[in-house]
Amino acid sequence: MANPALAHALAHALTAAAHGFRVIPLTRAKLPAVRSPHHHDPAPLPCHGECGRLGHGVHDASADPEAIRALFAAAPWATGYGIACGCAPHHLIGVDLDLTSGRAGDPQGAGGASGTDGRVGKPGTSDLGKPRANGARMPGTSDPGRPGTRRTTCRKDRTDGLAALARLAREHAFAIPRTVTVLTPSGGRHLWLCGPPGLTVPNSAGRLASGIDIRGLGGYLVGPGSYGSRGSYRLAPGSPAWAPAPAPPALLRLLTPPPPPRAYRPGPPSPEPRRAALAGLVRFVRASRQGQRNDRLFWAACRAYETGAGPELAPALIEAALDTGLPPREARATVASAARSAARHLQPPETWA
């Protein structure tokens, strides 16, 4: 092949596929290399490959050698490959740990797992203070060669994703497992972890902590052996090659925040009171002791009439009260009083006498 990086990337991609990972070719900018077949459409519709053509990013990812060769043949400019996350059998989760020094003019990011790398100008340089073509300078800067002038520089905070992950591990009591670790050209690293089947881990950038990006379903990691615009991606010394460790449960809980609470929607009233509850009212009356028989009967009868089961349950309540020794006349009067009380409280206040 005319592009030596293409043959190198294809060989590594086929090795990854042989271990069950789905891959796509990437450009030097870490973007999907096969151009979308819909880029000329006046109003492109969302398509994940249903059209049958190549060029749908991570949705093209495959572990089939012939499909992979076809993808690379369609993108002879590819210099790397991406590994799709969230797919069986590994259900890969990528933890992208950025490292930036915080010095003025340093490029941002760790060569990320997907998307552009955020580079401005040449690596390690800044456009601040450089003369324009017409001799003018960038706003907010001064000429370092002129006496009495002051040069303004931009200093960014240091980002250390590995230290941030270690902090999270201490705070949430989990150990960072020994797993596949890929070193990025800018000094960061990608940790590969396995998730359980059926769990969808969303992609995020900086949500867990500054310097930690997560690649889940719909995302991808730049595979080892890839070349990017800032250098190569390679396995860390001593790293397992193609065997990601399971993600610690405590980390999984951080990666998959609980869904928002569902709004309460009261259901329609039950057409019939539950039989168990009605039977409980009868037992409640039958368990009455002397001195509480009338009060218990009144309370149970009120509950029965409030649910609409008063006429049906009244004979059983009276019989239970008689079993406790309450006189028949007093038991019937108590139930009748409960019926009137319940009817009064079920009416609107303006109808009360």
Side-chain angles (χ1 to χ4, degrees), residues 16 19-24 26 30 58 61 80-100 108-118 158-226 228 230 232-257:
H19 289 85
F21 296 96
R22 303 183 191 183
V23 300
I24 54 171
L26 298 180
K30 304 172 300 179
V58 74
Y81 67 102
I83 298 180
C85 296
C87 303
H90 299 286
H91 306 282
L92 186 64
I93 300 168
V95 182
D96 182 354
L97 304 175
D98 290 345
L99 178 64
T100 57
Q108 301 179 35
S114 65
T116 58
D117 59 8
R158 174 182 172 85
T159 299
D160 189 337
L162 184 59
L165 181 61
R167 240 183 349 262
L168 284 175
R170 290 193 301 270
E171 292 171 359
H172 297 273
F174 65 86
I176 302 172
R178 180 175 179 272
T179 189
V180 180
T181 303
V182 177
L183 302 181
T184 70
S186 60
R189 59 187 63 198
H190 299 161
L191 305 184
W192 297 15
L193 298 171
C194 285
L199 179 69
T200 300
V201 173
N203 295 284
S204 63
R207 186 183 68 81
L208 283 186
S210 176
I212 302 179
D213 297 342
I214 300 299
R215 298 292 181 261
L217 186 65
Y220 59 88
L221 291 169
V222 181
S226 296
R230 296 171 59 191
S232 63
Y233 291 75
R234 65 190 191 281
L235 282 174
S239 166
W242 302 105
L251 178 58
L252 284 176
R253 288 192 289 271
L254 295 175
L255 298 180
T256 53

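Along the sequence shown, residues carry numbers from 1.
The two residues Ser186 and Arg230 have their closest heavy-atom pair at CB-NH2, 3.0 Å. Across Ile212 and Leu168, no two heavy atoms sit closer than the pair CD1-CD1, 3.9 Å. Nearest heavy-atom pair across Pro240 and Leu235 is O-CD2, 4.0 Å. Asp213 and Gly206 get closest at one heavy-atom pair: OD1-N, 3.1 Å. Closest of all the heavy-atom pairs between Gly219 and Val58 is O-CG2, 3.8 Å. When all heavy atoms of Ile83 and Gly223 are compared, the closest pair comes out as CD1-CA, 4.2 Å.
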For this session: Please assess Arg22 against Tyr220 for the test side-chain contact (heavy atoms from CB on, under 4.5 Å), listing each intermediate value before the final yes or no.
Result: CA-CA 10 Å; Arg22 303 183 191 183; Tyr220 59 88; over 6 Å; no
Exercise. What do the steps show when you test Arg189 against Val182 for side-chain contact (heavy atoms from CB on, under 4.5 Å), and what is the final call?
Worked result: CA-CA 5 Å; Arg189 59 187 63 198; Val182 177; over 6 Å; no
Problem set entry | Leu92/Leu193 under side-chain contact (heavy atoms from CB on, under 4.5 Å): CA gap, chis, key distance, verdict | CA-CA 6 Å; Leu92 186 64; Leu193 298 171; over 6 Å; no
Exercise. Can you list the steps and then say if Thr100 with Asp160 is a side-chain contact (heavy atoms from CB on, under 4.5 Å)?
Worked result: CA-CA 7 Å; Thr100 57; Asp160 189 337; over 6 Å; no
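Put simply, the side chain of Leu217 does not reach to within 4.5 Å of the side chain of Val201, judged on heavy atoms. Between His172 and Leu254 there is a side-chain heavy-atom pair separated by less than 4.5 Å. Under the 4.5 Å side-chain criterion, counting only non-hydrogen atoms from C-beta, Cys194 is not in contact with His91. Within the 4.5 Å cutoff, no side-chain heavy atoms of Trp192 are placed close to those of Cys85. Side-chain contact check for Asp96 versus Ile214: every heavy-atom pair is 4.5 Å or farther apart.
Checking side-chain atoms of Thr159 against main-chain N and O of Gly211 turns up no donor-acceptor pair under 3.5 Å. Between the side chain of Asn203 and the backbone N or O of Gly216 there is at least one donor-acceptor pair closer than 3.5 Å. Counting only distance, with no hydrogens or angles, the side chain of Thr181 and the backbone of Thr179 share a donor-acceptor pair below 3.5 Å. Checking side-chain atoms of Tyr81 against main-chain N and O of Pro224 turns up a donor-acceptor pair under 3.5 Å. No donor-acceptor pair closer than 3.5 Å links the side chain of Ser226 to the backbone N or O of Val222.
Every residue two or more places apart in sequence or in another chain that forms a side chain to side chain contact (heavy atoms under 4.5 Å, CB included) with Pro248 is listed here: Phe174, Pro177, Leu251.
Aromatic ring pairs are classed by plane angle as parallel below 30°, tilted from 30° to 60° and perpendicular above 60°; the pair Trp242 and His19 is parallel.
Each of Leu221, Leu255, Leu191 was checked for a side chain to side chain contact (heavy atoms under 4.5 Å, CB included) with Ile93, and the lone residue meeting it is Leu255.
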